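Inspection log for the structure reproduced underneath, given as structure tokens.
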2 protein chains.
Amino acid sequence: MANIQQIAKEAGVSVATVSRVLNHATSVTPETRSKVEIAIKELDYQPSMLGRNLRNSESRLMLVLLPSISNPFYTEIINGIQNTAIAHNYNILLCETDSKPERENIYFNMVKNKLADGIISMDPTVNMKWLNELAENHPVILCSEYEEGGSIPYVTINSELAAYQAVKHLIKLGNEKIALINSDEKFLYARLRRAGYERALKEFNLPIYDEWIYHTKELEFENGVQAMRILLQLEEKPSAVFAVSDTLAIGALKALNGGFEAPSDIAIVGFDNISFSSMTNPTLTTISQPMYKMGCLAADMLMSSMKGEKVESIVLDHELIIRESTMG
Amino acid sequence: MANIQQIAKEAGVSVATVSRVLNHATSVTPETRSKVEIAIKELDYQPSMLGRNLRNSESRLMLVLLPSISNPFYTEIINGIQNTAIAHNYNILLCETDSKPERENIYFNMVKNKLADGIISMDPTVNMKWLNELAENHPVILCSEYEEGGSIPYVTINSELAAYQAVKHLIKLGNEKIALINSDEKFLYARLRRAGYERALKEFNLPIYDEWIYHTKELEFENGVQAMRILLQLEEKPSAVFAVSDTLAIGALKALNGGFEAPSDIAIVGFDNISFSSMTNPTLTTISQPMYKMGCLAADMLMSSMKGEKVESIVLDHELIIRESTMG
DNA sequence: CTGAAAGCGCTAACAT
DNA sequence: ATGTTAGCGCTTTCAG
């Protein structure tokens with residue numbers, strides 16, 4: 001692989017001139033420029049990012065932290081981030097933390113030692129203390145999950161309101177016994193969605209039973225299956241279920257398994273509108289988050305932050321998508 | 001962020017010595033070493049990857065090319081690649097090409113100009129001419145999709161045999177009218193799976209009708225829905241369908257839509273065993289590929305190749321997973 | 001066992 | 001308009 005020196009020599013100019021041509025500087029004669037361009041073509045030259053990045057002390061890489069790539073909720077967000085990043089000549093590094101702090105640390109260090117220019121975190125399990133520390137000196141954006149009252153800019157939706165509307169939808173359909181399949185309430189989104197759930201029930205003077213609130217360890221399909229099995233064994237079975245993630249809701253749907261029908265026996269609402277949710281039988285009523293847009297905005301915000309601009313947090317609109325699992 | 005000079009100064013040694021400590025060189029007195037380590041801790045020093053990489057002309061980054069992150073087939077493979085890579089101090093950069101050549105080019109250039117050390121391609125749409133060119137001077141491994149008779153090492157399964165077994169399974173269940181939902185036969189895997197399909201039919205003297213072979217543009221759910229709708233409109237409807245991807249099979253299942261039942265009216269077999277395939281109703285019979293292992297091996301092979309070792313291609317075993325969509 | 005110094009490939013300030 | 005040169009942070013001969 002040729003380097004800038006060889007091009008300079010081949011073109012009979014200095015490396016500075018080659019660099020100028022490479023960076024589209026104005027002050028180069030057309031003739032000189034063309035000499036350089038010919039040399040570049042001749043030697044099939046590609047400028048080394050390594051050299052350029054070292055010199056500029058930037059990597060044009062953004063890190064995207066997420067707990068696991070297997071939750072389809074993230075894929076559309078990632079698409080948004082990726083497309084926006086690429087349009088601005090950035091690349092993204094997808095970082096699965098598996099909720100392991102030592103992995104997280106690897107990625108934080110990449111930012112500290114200039115291997116990456118900034119981080120978008122979508123990981124609810126992220127160590128906020130470390131992240132805040134990092135954010136003091138490096139660009140950091142939170143996407144979807146955020147810290148209430150924290151100083152790191154975020155893009156998210158109003159989870160409380162969305163949950164409230166989902167549950168209200170169930171109530172309007174005549175359900176009075178509504179269960180919640182929640183994830184761990186150490187996560188803010190889980191607390192917010194529970195709050196929305198409770199607000200709706202209270203507003204309609206419906207009882208809130210601890211028995212009807214199930215907490216899952218993770219967001220996999222299997223956790224939803226498990227949750228629904230427990231709910232179905234209750235003496236007082238719920239007539240409807242709100243699950244805080246489509247993956248859980250789909251698992252819940254699966255657990256009905258011939259014994260019960262949705263929505264006639266049990267109505268179900270999910271959250272996220274992942275692509276699977278329209279492929280289930282019955283199709284799943286859910287809250288749609290503008291995932292793609294969220295990703296685009298997160299990337300935009302990060303790039304602003306990298307330029308040193310001050311960025312404001314953004315709360316996006318969501319939408320209730322009504323399908324067969326509540327309106328068979 | 002402190003640099004190596006400041007550490008050297010703080011510790012009262014030369015930068016060379018600091019570098020030796022950093023790289024666990026043997027020839028450093030315990031006392032000197034400890035002086036340096038104290039300085040490192042003191043200044044919270046992280047060696048700059050940028051400097052190190054430029055010097056070593058390596059990036060410890062591997063590129064993973066895939067057409068789209070939204071096909072869940074890839075997620076387990078990626079997990080395998082990622083875990084293996086991280087265990088060896090490499091990181092992976094997920095590269096969605098969206099089947100766009102210009103995107104592909106960005107990533108090829110990253111390898112050419114040392115921003116990445118090698119490529120694992122899982123993209124069936126990849127430009128093999130360019131990839132072969134790249135492979136002449138850089139480590140490249142193919143995963144899942146490969147080139148017959150090509151020179152780039154690959155890890156894959158025997159698609160022809162898997163398809164043969166899937167269709168034979170349908171035949172053994174008494175099906176004589178078996179359709180194929182295939183993707184574009186410009187892809188090798190599509191041609192191989194079709195070959196397996198035809199071999200099974202021929203072996204049992206069953207007819208092969210062009211009408212029963214549908215080609216989809218992509219592998220999204222919607223393409224499967226569309227395909228099945230067409231098949232259901234045929235005068236002579238098939239009694240079973242083999243789809244070359246779970247996403248297509250799940251779409252096909254969805255298209256039955258109350259009018260027909262699987263497996264009583266139409267049995268369906270998919271391919272890949274994505275996690276959602278056990279959540280559908282009915283659950284999906286499918287071919288399970290050892291995706292995680294495939295990913296691990298691809299990463300291992302790439303690292304071998306980066307060390308300059310010669311690597312051999314590998315064909316892994318698959319497995320037919322029988323579920324409700326054929327054995328209700 | 002440790003230090004001095006060259007150099008990886010590039011950009012930008014300064015000089016011409 | 002173009003060239004010269006320092007230096008980004010690191011590793012690695014080569015000396016001592």
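Below, read A as the first sequence line, B as the second, and so on, with proteins coming before strands; counting in each chain starts at 1. Keep in mind that this is a model prediction, so the values were computed, not measured.
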Donor-acceptor pair, distance only, cut-off 3.5 Å: does the side chain of [X] make one with the backbone of [Y]?
X         : Y         : value
Glu96(A)  : Ile69(A)  : yes
Asn3(A)   : Gln6(A)   : yes
Gln5(A)   : Val15(A)  : no
Asn71(B)  : Phe73(B)  : yes
Ser305(B) : Met301(B) : no
Glu104(B) : Asn127(B) : yes
Asn105(A) : Pro101(A) : no

Which pairs count as salt bridge (charged side-chain N to carboxylate O under 4.0 Å, His left out) when at least one residue sits in [range], sequence neighbours excluded?
range                       : answer
residues 294-316 of chain B : none
residues 17-38 of chain B   : none
residues 125-134 of chain A : Lys129(A)-Glu133(A)

Taking only heavy atoms on the protein side, list every residue of residues 85-92 of chain A lying under 4.0 Å from any atom of DNA chain C, sorted numerically.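 Result for residues 85-92 of chain A: none.
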At under 4.0 Å between heavy atoms, how does the protein contact nucleotides 8-16 of chain D? Give one character per nucleotide, 5' to 3', with B, S or -. BBBBBB---
Looking at every non-hydrogen atom in both residues, tell me the closest pair between Ile92(B) and Leu93(A) and how far apart they are.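 Distance-wise, the nearest heavy atoms are O-CD1, 2.6 Å.
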Lys186(A): salt bridge (Lys or Arg N to Asp or Glu O under 4.0 Å) partners, not counting sequence neighbours: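 Counting only residues at least two positions away or on another chain, Lys186(A) forms a salt bridge (Lys or Arg N to Asp or Glu O under 4.0 Å) with Asp184(A).
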Residues which pass salt bridge (Lys or Arg N to Asp or Glu O under 4.0 Å) with Lys9(B), listed by chain and number, not counting sequence neighbours: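 In terms of salt bridge (Lys or Arg N to Asp or Glu O under 4.0 Å), with neighbours along the sequence ignored, Lys9(B) is linked to no residue.
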Using a 4.0 Å cut-off on heavy atoms, which residues in residues 28-43 of chain A reach DNA chain D? List them by number, or say none.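 Residues of residues 28-43 of chain A under 4.0 Å from DNA chain D: Val28(A), Thr29(A), Thr32(A).
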Of all nucleotides in DNA chain C that come within under 4.0 Å of a heavy atom of chain A, which is furthest toward the 5' end and which toward the 3' end?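 Terminal contacting nucleotides, 5' to 3': dG9(C) to dA13(C).
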Mind grabbing the angle between the end helix axes of the helix from dC1(C)-dG16(D) to dT16(C)-dA1(D)? Five pairs an end, 10° rounding.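 For the helix from dC1(C)-dG16(D) to dT16(C)-dA1(D), the axes at opposite ends meet at about 40°.
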Less than 3.5 Å apart, which donor and acceptor atoms pair up between the side chains of residues 51-58 of chain A and the rest of the protein, not counting sequence neighbours?
{"from": "Asn53(A)", "atom 1": "ND2", "to": "Met49(A)", "atom 2": "O", "distance (Å)": "3.2"}
{"from": "Glu58(A)", "atom 1": "OE2", "to": "Arg60(A)", "atom 2": "NH1", "distance (Å)": "3.3"}

Name all residues meeting the ring pair (Phe, Tyr, Trp, His ring centres under 6.0 Å) criterion together with Tyr74(B); count only those two or more places apart in sequence or in a different chain, and write none if there are none.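 Partners of Tyr74(B) by the ring pair (Phe, Tyr, Trp, His ring centres under 6.0 Å) criterion come out as none, since no residue qualifies.
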